[in-house]
Protein chains: 2
Amino acid sequence: MAEQQEPVIWMRPEQAPVGRRAERSRAEITAAAVELADREGLEAVSMRRVASILGTGAASLYRYVATRDELLDLMTDSTASEYHLPAPSGDWQADLLTLARQARQIMRRHPWLPTMVMGRPTLGPHGIDLLEHVLDVLADHPADPACKLEAFALISGLTALFVQNERAATDTSATRRSAYLRHVAAAGSHPRITALLAACTSDGNPGDRFDVVVVRALTGVLG
Amino acid sequence: MAEQQEPVIWMRPEQAPVGRRAERSRAEITAAAVELADREGLEAVSMRRVASILGTGAASLYRYVATRDELLDLMTDSTASEYHLPAPSGDWQADLLTLARQARQIMRRHPWLPTMVMGRPTLGPHGIDLLEHVLDVLADHPADPACKLEAFALISGLTALFVQNERAATDTSATRRSAYLRHVAAAGSHPRITALLAACTSDGNPGDRFDVVVVRALTGVLG
DNA sequence: CCCATTCGCATACAGTGTTCGCGAACCATG
DNA sequence: CATGGTTCGCGAACACTGTATGCGAATGGG
């Protein structure tokens, strides 16, 4: 009778207590999907392709996952297990910066992660562990709980922004973008842009602003 | 013979100099797509639906746009025309904060914009005007040109993060999220989260941290 | 007037997420 | 050991999607 499936996948049991046993596990499916996304990008992760990698039929995946988006959630949360979470040192700024640096590394490993983190933020078991760690680091900090949550979201979000930005600069899209910028500069109606393009070609690139921006943004939310 | 279409839509002429005249304009198509996205979300913007709104066939849209993603680019850039760009006041922090506040308002008007800005940053004619204005505000600022570009990207990106966050808090997804959080808290293995949930229900929500975070992040990139 | 060129669009193709239904596998119970 | 109730695997189908192709209609310069 009463169906009422649990709305979040993490609250549903992975295996039913009775009936035929599942031949695969969520972790197995997630790993295949992550590997595929790492290799060919997020839009290559279709139910049929993931299924064929696992050697099963596409419809079988729906025994493990209610929808494709849930599979993506599994992928996102699985990357949160790649963090190394040392005990708090007492300097919360340093500890959170360490976390942000790790996030940057992880997102570089998984090019699809920034899109995921920004467009579909998810808290699974591993994300929960990460949140617990952040709260532990901020245990003695006298800020509203809501602000601490905001800080938690800001670390991954801001890092995702940075990684995406530095990837867009090395992309093939950068060529098109700069081509249009040069076109605009040549038109002459935007003097500041013209000047900026002239200055950019001569200068070397400046240092990495990641650490500074992250720390300052964090001190912004945490007061 | 030599085809070699311009890679960026903004560099292609909207109307061919010879031959039959187009019955619609890019602006007309863009407006229809934006209105549809405002009403039903980004994934409702399919070529067929936009075409049917305009009363044309789906394939006709490809005379105006090379691909769906280009249509999305048109939509994104069109929202950049909603900014009001007053002359620089001399206080660049105040001027950029004004811009960020406008971005926030615009992104609240168009719920699909944050996703777009973060996942597919685009610079069209209106975006160029915005960039020119930012560079004008920062004209006397002694920072690397690359840093100013980074600051420009940060304003929209960070604002998108904020808007998306505040929308996720009012969403139906918030119910599911907090349900899972309560589940974790009840399990007892994450004491910080348990404590945070207990504190959150009693407290009122704190003030809006948007202005502070934006300003501090900007001073982070601009030194 | 003619003709090169562009526009509108019906049709088709490959691919997508998801649902349905059925046979096979499993475990607890009789 | 047999019998149910339950779950699993999955072939087939449905409603979509973005996009390519080809052809008739419109257009304006020579």
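In what follows, chains carry the letters A, B, and so on, assigned in the order in which the sequence lines appear, proteins first and then strands, with residues in each chain numbered from 1. Note: hydrogens, waters and symmetry copies are ignored here, and every other heavy atom, side chains too, is used.
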Separation of B/R20 atom CZ from C/dC7 atom P, in whole Å?
-> 9 Å
Could you list the residues that satisfy ring-ring contact (aromatic ring centres under 6.0 Å, His included) with B/H190, not counting sequence neighbours?
-> none
With sequence neighbours left out, write down each residue that passes salt bridge (Lys or Arg N to Asp or Glu O under 4.0 Å) with B/E35, or none if nothing qualifies.
-> none
Could you list the residues that satisfy side-chain hydrogen bond (donor to acceptor under 3.5 Å, both in side chains) with B/R109, not counting sequence neighbours?
-> B/E82
Can you pull the ring pair (Phe, Tyr, Trp, His ring centres under 6.0 Å) pairs that have at least one residue in residues 154-179 of chain A, sequence neighbours excluded?
-> A/F162-A/F210
Not counting sequence neighbours, which residues clear salt bridge (Lys or Arg N to Asp or Glu O under 4.0 Å) with B/R104? List them please.
-> B/E166, B/D208
Provide, to the nearest angstrom, the distance between the CG atom belonging to A/L54 and the C1' atom belonging to D/dG9.
-> 13 Å
Short N/O separations, protein against nucleotides 28-30 of chain C, under 3.5 angstrom:
none

Hits for side-chain hydrogen bond (donor to acceptor under 3.5 Å, both in side chains) against A/R48, two or more places apart or cross-chain, chain-then-number order -> none
Scan residues 96-130 of chain B for pairs that pass ring pair (Phe, Tyr, Trp, His ring centres under 6.0 Å), counting only residues two or more places apart or in two chains.
-> B/H110-B/W112
Between D/dC8 atom C1' and A/E14 atom CD, what is the distance in whole Å?
-> 14 Å
Taking only residues two or more places apart in sequence, or in another chain, which ones meet B/D211 in a salt bridge (Lys or Arg N to Asp or Glu O under 4.0 Å)?
-> B/R101
Mind checking what makes side chain to side chain contact (heavy atoms under 4.5 Å, CB included) contact with A/R12, not counting sequence neighbours?
-> A/Q5, A/E6, A/I9, A/R26, A/A66, A/E70
Please list, for nucleotides 2-4 of chain D, all pairs of protein and nucleotide N/O atoms separated by less than 3.5 Å.
none

Heavy-atom protein contacts under 4.0 Å, nucleotides 10-18 of chain D, coded B base, S sugar-phosphate only, - none = BB-B---BB
Exceeds 12 heavy-atom contacts within 6.0 angstrom, atom CZ of A/R177 | yes
Which residue lies more 5' along DNA chain D, comparing B/G19 with B/A66 via nearest heavy atoms = B/A66
